[in-house]
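For ligands, and for the atoms within them, numbers begin at 1 and follow the listed sequence. The first residue of the sequence shown is numbered 1, and numbering continues consecutively from there.
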Amino acid sequence: MAEKKKKQYISDQTACKKNDMVTLEITDMGTEGEGIGKWNGYTLFVKDALIGDVVCACIMKTKKRYGYARLVEVITPSPYRVEPLCAVARQCGGCQLQHCSYEKQLEWKEEKVKNCLLRIGGFGVQETDLLEPVLYMEEPYYYRNKAQFPVGLNKEGELTAGFYAGRSHNIIGNTNCLIQHPCNYAIVETVLAFMREYGISPYNEKEHSGLVRHILTRVGVNTGEVMVCLVINGEGLPESREFVKRMLACPLYGLKKGQTLTMKSICLNINQEKTNVILGEKVKVLSGQSYIEDTIGGILYRISPLSFYQVNPVQTKKLYDTALEYADLKGDETVWDLYCGIGTISLFLAQKAKKVCGVEIVPQAVEDARQNAKINKMENVEFFTGAAEEVIPILYEKSGGSLRADLVVLDPPRKGCDERLLQTVVLMEPEKIVYISCDPATLARDLRYLCDRGYELRRGRPCDMFCQGRHVETVVMLSHKKPDSVINVKVEFGEGEGKVPLDNIAKRAEAYKPKERVTYKMIKEYIEVKYGFKVHTAYIAEVKRELGLPMYDAPNAVEELKQPRKHPTAEKAEAIKDALKHFEVI
Ligand code: SAH
């Protein structure tokens, strides 16, 4: 009876409330890949629903202008709907798009990049039309070369390893993930069996107790080398000899028929902090080396547990080949590869350039990069440790403003480039900039900055690095606009007729303050696209102030407020915080 009542669909009411069942057509896809539909004009976000579906959904949370609903039943499936291959695709937070055909995933990703360029970057259709078709994968499964399985207890109190459910730290047990390299299954099952047998406890996040936090694995897909690294909340692992023995006996099969893999590195990563950062800084080797090696395009790379290495080797090769094609090096160029990781792109480009300099913030990655240059016998590369936004301005200053580059490669993390870096890159006057990005929103923002300062978008291409997931990688090339003609102007500084007074210049310099990297426009756009409503600049400023974020003075700012500040509604404040989180401001 209760069940029947619950299932009564609402059709003639204009408002809905928690636990109501509604039927609606999904007409759009949100930034996280979720379905968006309107019920009586009211916007609902429905996770796991797909554009083109007609669904029955249960309202979970309502706000004034939009709400969230849980998918209960697909009434009419979308033409793009496919049966996910993975049994836990819906619960697991790893893949957001397994229920969507691969063709549609690719189309959505292309649109995502275009929309960001249009809406956030303010580019026109002639620029978005430059984008070449997405680089896709022939076999969009089993592609990941790095896995981090959290270890814990499931609801039944049993030891388990798998992946976190979306937006939570509940572990969805799964040792056979279909986007990971297949060798993970045997490794993770062996670790779990070992822990059960010797009573080794998994880490308990809430109580900050227990030992094993994560199982990190890395596979050099092209060399067949494997690393297993247990992340532990302690200094050592009991029965570690036995652990090594079992790991070495683990059957490891490659993707290609008949290929077997070799366990090259068994290590521990010490992380005793109460944090959700996965890795600590200390690594202890239990057996073999502290790294594995892999190749991309004939270059050998050494990879340590802490270093960044692209997770999809098949697509990485295509991405780097595209970057190399865009760079179009002749052999006499000086290249700066900023955010260079273990020097992957640096060495790739060094094959064709006179000199490549890389900058990277993680010291261990820089060590790997230097080692990689050595093992590949490349002498025309140099690496600098530090934040690119600090290292580059310092080097520029030290050079007395003479630091130059023919090509600058930017490959930042999701939050994009710091403005101090972009400012200096413009001063270095590279003829070309190749920007590789894993977030089209910050890419669009940074491209706008560069295109307002003499650069133009020439080529670009999305690349599907994260098949079945919502993220998209993009590579673009900008070149410096050549002036049509040059007029020589002689300017004299000082007092008197025809001279430019120096204090004017000082005043202008004083007025110039670096602009915020995440602009109010971006936040507004994000909220409008995601939530369907507008937020006022003053509200964004208010939320930022409340969070204690740095504020930049507006040119028309007044000393004292004429009216008291207005506070945004809780719904708007939440949307603003969400946007700030998305852009990694908080
Ligand atoms: N180009 C490399 C790495 C790209 S990932 C590759 O393709 O493999 C981004 C890299 O930027 C990571 O290695 C990260 O450690 C580094 N990084 C993050 N913030 C940085 C900063 N402010 N300055 C320099 N490097 C940074």
Side-chain angles (χ1 to χ4, degrees), residues 135 144-146 218 220-222 277-279 281 291-297 299-324 326-327 335-350 356-373 376 381-396 407-425 433-439 442-443 446 463 465-466 471-476 517 583-585:
L135 291 160
R144 283 188 62 106
N145 56 14
K146 175 187 172 184
R218 281 192 129 142
V221 176
N222 296 313
V277 175
I278 297 178
L279 295 172
E281 281 176 13
Y291 58 86
I292 56 162
E293 289 179 337
D294 197 19
T295 60
I296 308 175
I299 298 179
L300 191 62
Y301 295 104
R302 171 173 292 191
I303 313 148
S304 305
L306 293 175
S307 301
F308 175 89
Y309 186 62
Q310 294 281 4
V311 294
N312 185 333
V314 174
Q315 294 301 90
T316 302
K317 168 79 170 62
K318 294 179 194 166
L319 182 78
Y320 290 176
D321 279 341
T322 310
L324 194 62
Y326 286 0
V335 180
W336 280 85
D337 177 17
L338 309 178
Y339 308 90
C340 69
I342 59 167
T344 20
I345 299 177
S346 319
L347 299 190
F348 219 70
L349 296 176
V356 181
C357 300
V359 182
E360 162 63 42
I361 202 165
V362 175
Q364 205 180 350
V366 175
E367 254 172 57
D368 281 355
R370 291 189 180 129
Q371 199 59 36
N372 286 334
N376 288 285
V381 286
E382 193 176 347
F383 294 99
F384 298 81
T385 313
E389 63 274 18
E390 284 167 15
V391 172
I392 292 294
I394 290 171
L395 291 176
Y396 183 80
L407 167 71
V408 168
V409 177
L410 299 166
D411 187 6
R414 271 181 58 201
K415 67 178 176 201
C417 300
D418 190 286
E419 188 168 317
R420 276 175 296 167
L421 173 65
L422 294 181
Q423 254 176 22
T424 318
V425 166
I433 299 175
V434 170
Y435 194 133
I436 298 172
S437 151
C438 51
D439 186 339
T442 52
L443 169 72
D446 291 349
C463 176
M465 279 283 196
F466 313 102
H471 293 299
V472 54
E473 191 91 7
T474 316
V475 51
V476 303
R517 299 304 302 134
F583 292 117
E584 296 181 342
V585 178

ask   = Heavy-atom contact under 4.0 Å between Cys340 and ligand 1?
value =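 Distance cut 4.0 Å: Cys340 passes for ligand 1.
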query = Is Gly386 near ligand 1, meaning one of its heavy atoms is under 4.0 Å from it?
reply =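 Per 4.0 Å heavy-atom rule, Gly386 contacts ligand 1.
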Result of checking Thr295, Val221, Ile296 against Pro313 for side-chain contact (heavy atoms from CB on, under 4.5 Å) =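 Among the candidates, only Val221 passes.
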message = So does Leu300 get a backbone contact from the side chain of Asn376, meaning a donor-acceptor N/O pair under 3.5 Å?
response =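 Checking the backbone N and O of Leu300 against the side chain of Asn376, a donor-acceptor pair under 3.5 Å is found.
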key: Test item: Gln315 side-chain N/O and Leu135 main-chain N/O as donor-acceptor pair under 3.5 Å   =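 Yes, because the side chain of Gln315 sits within donor-acceptor range (under 3.5 Å) of the backbone of Leu135.
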Using a strict cut-off of 4.0 Å, indicate which atoms of ligand 1 neighbour a heavy atom of [X].
{"X": "Val362", "value": "15 (O)"}
{"X": "Tyr320", "value": "6 (C), 7 (O), 8 (O)"}
{"X": "Pro413", "value": "18 (C), 19 (N)"}

Could you tell me whether [X] and ligand 1 have an N or O pair separated by under 3.5 Å?
{"X": "Ile345", "answer": "no"}
{"X": "Ala388", "answer": "yes"}
{"X": "Glu360", "answer": "yes"}
{"X": "Tyr339", "answer": "yes"}

Within the structure provided, determine whether [X] and [Y] are in side-chain contact (heavy-atom separation under 4.5 Å).
{"X": "Glu360", "Y": "Phe308", "result": "no"}
{"X": "Thr385", "Y": "Arg370", "result": "yes"}
{"X": "Val425", "Y": "Trp336", "result": "no"}

What is the closest protein heavy atom to [atom], and at what distance does it sit?
{"atom": "atom 17 (N) of ligand 1", "value": "Ile361 CG2, 3.5 Å"}
{"atom": "atom 22 (N) of ligand 1", "value": "Glu389 OE1, 3.0 Å"}
{"atom": "atom 9 (C) of ligand 1", "value": "Asp411 O, 3.3 Å"}

request  = Look at the rings of Phe466 and His471 and say which category their plane angle falls in: under 30° parallel, 30 to 60° tilted, over 60° perpendicular.
outcome  =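 Judged by the thresholds at 30° and 60°, the geometry between Phe466 and His471 is perpendicular.
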query = Just going by heavy-atom distances, which of Thr344, Ile296, Thr316 is nearest to atom 6 (C) of ligand 1?
reply =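 The option holding the nearest heavy atom is Thr344.
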message = With a sphere of 6.0 Å drawn around NZ of Lys415, does it hold more than 12 non-hydrogen atoms of other residues, nucleotides or ligands?
response =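 No - once you tally the heavy atoms of other residues, nucleotides and ligands closer than 6.0 Å, there are 12 at most.
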message = If I compare all heavy atoms of Ala369 with all of Gly343, which pair ends up nearest, and what's the gap?
response =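 Looks like CB-N, 3.8 Å.
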